[in-house]
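Please read the structure below before turning to the comments.
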Amino acid sequence: GAAINGACTFGSAARLGRGELVYAAMPVGFLLGVAGMSHILSPAAPAPANVPTPPILATALVFFVGFQIFRLSDSLKSPRDALQRLKAPDWHPSFAMAMIGISSALLLIFFAPWPYSSLLVDLGAKGMSADAPLKIALAVFFVIGAAIGARTRQALKIEWPSLRALGEKAAGGVLMGAGAFLIPGGNDSLVLVGLPHLFGYAFIAYLAMTAAIAAALFIGERDGKSAATNRP
């Protein structure tokens, strides 16, 4: 589904924020995929219970986080230097992921589970709930934040989609929604919730998703080379 869509759930929100309106079709397809799968397989896959992290592993994680924090602090010369890094138009991937992780942790403290793929799974499988409007508002602000980020980088450009492109994104969304229902959760839930909690299902699902995307890209690249070779 991500290969057909051309982006994961996080990437779709980011590209929608950049003005690529075609990616608005992905959440629609996602909801349809969840709804369809929920009628085929009922009830939904149960959410995993919180399992205490082994002390040795917890110690290793704390050591790793502390090491990264001190490594970052050593590279910062002053508070002004830290502010300049935050204001930079482009961030190093590890720094960007650290900021995403910190923001996600804060949101998880105040809001249980906030990733919008979790919202789409709940809406598609269960319909509107008491806290759905708040989560929908959070998802909207998520896209607005992406748009503001794109605007600061002068990357915001409205692109109107074709019907074929909309159908393609919706079809990818259907497959992504069906997979998210089975796991449960989309790739954002896996990265920000499942993997940090060391849930075994999250590692299996993420590896399977990565392998499927890699296989699709490999097949597409091979077919492209074959077509170029056979072209007169």
Side-chain angles (χ1 to χ4, degrees), residues 1-41 44-45 93 96-97 100 113 115-125 136 139-140 142-143 146-147 149-150 155-195 201-231:
I4 293 172
N5 181 55
C8 62
T9 51
F10 245 38
S12 296
R15 296 178 76 165
L16 180 61
R18 286 206 299 262
E20 298 180 49
L21 301 182
V22 68
Y23 282 93
M26 190 284 293
V28 176
F30 196 104
L31 282 172
L32 293 174
V34 173
M37 191 60 69
S38 68
H39 282 84
I40 296 172
L41 299 175
M97 287 303 299
I100 290 173
Y116 82 95
S117 68
S118 299
L119 165 67
L120 294 176
V121 171
D122 288 342
L123 288 177
I136 291 173
V140 171
F142 181 63
V143 176
L156 180 61
K157 181 181 179 182
I158 302 298
E159 297 181 11
W160 296 99
S162 65
L163 289 177
R164 178 179 177 179
L166 286 171
E168 183 180 90
K169 305 307 178 188
V174 168
L175 293 175
M176 293 165 70
F181 177 84
L182 293 172
I183 288 171
N187 76 304
D188 52 349
S189 297
L190 293 177
V191 172
L192 298 174
V193 181
L195 295 180
Y201 84 94
F203 289 91
I204 295 171
Y206 201 79
L207 287 173
M209 180 185 69
T210 304
I213 294 172
L217 292 174
F218 174 77
I219 293 171
E221 183 179 356
R222 186 186 63 182
D223 290 346
K225 290 181 179 179
S226 177
T229 302
N230 296 330
R231 189 178 299 133

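Heavy atoms only, all atoms of each residue included: S117 and T9 are closest at CB-CG2, 4.3 Å. Pairing each heavy atom of G19 with each of L156, the nearest pair is N-CD1, 3.9 Å. Here the closest heavy-atom approach between residue V121 and residue V34 is recorded as O-CG1, 3.4 Å. For P161 against L21, the heavy-atom pair with the smallest separation is CD-CB, 4.1 Å. Annotation for S189 and S118: closest pair OG-OG, 2.8 Å, computed over non-hydrogen atoms. The nearest pair of heavy atoms linking Y201 to G194 is OH-CA, 4.3 Å.
Atom CG of L163 is surrounded by 12 or fewer heavy atoms from other residues, nucleotides or ligands within 6.0 Å.
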Give every donor-acceptor pair under 3.5 Å between a side-chain atom in residues 164-180 and any protein atom, sequence neighbours left out.
{"from": "K169", "atom 1": "NZ", "to": "N5", "atom 2": "O", "distance (Å)": "2.6"}
{"from": "K169", "atom 1": "NZ", "to": "Y23", "atom 2": "OH", "distance (Å)": "3.4"}

Could you pull out all donor-acceptor pairs under 3.5 Å where a side-chain atom in residues 203-210 meets a protein atom, sequence neighbours excluded?
{"from": "T210", "atom 1": "OG1", "to": "Y206", "atom 2": "O", "distance (Å)": "2.8"}

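We find the CG-CG distance between D122 and L31 to be 10.5 Å, quoted to the nearest 0.5 Å.
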query = Could you walk me through whether I40 and F181 pass the side chain to side chain contact (heavy atoms under 4.5 Å, CB included) check?
reply = CA-CA 11 Å; I40 296 172; F181 177 84; over 6 Å; no

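Every pair passing salt bridge (Lys or Arg N to Asp or Glu O under 4.0 Å) that includes a residue from residues 9-31 is listed here, sequence neighbours excluded: R15-E20, R18-E20. Each salt bridge (Lys or Arg N to Asp or Glu O under 4.0 Å) pair with one or both residues in residues 26-36, not counting sequence neighbours, would appear here, but there are none. Residue pairs that meet the salt bridge (Lys or Arg N to Asp or Glu O under 4.0 Å) test with at least one member in residues 175-194, sequence neighbours left out, do not exist here.
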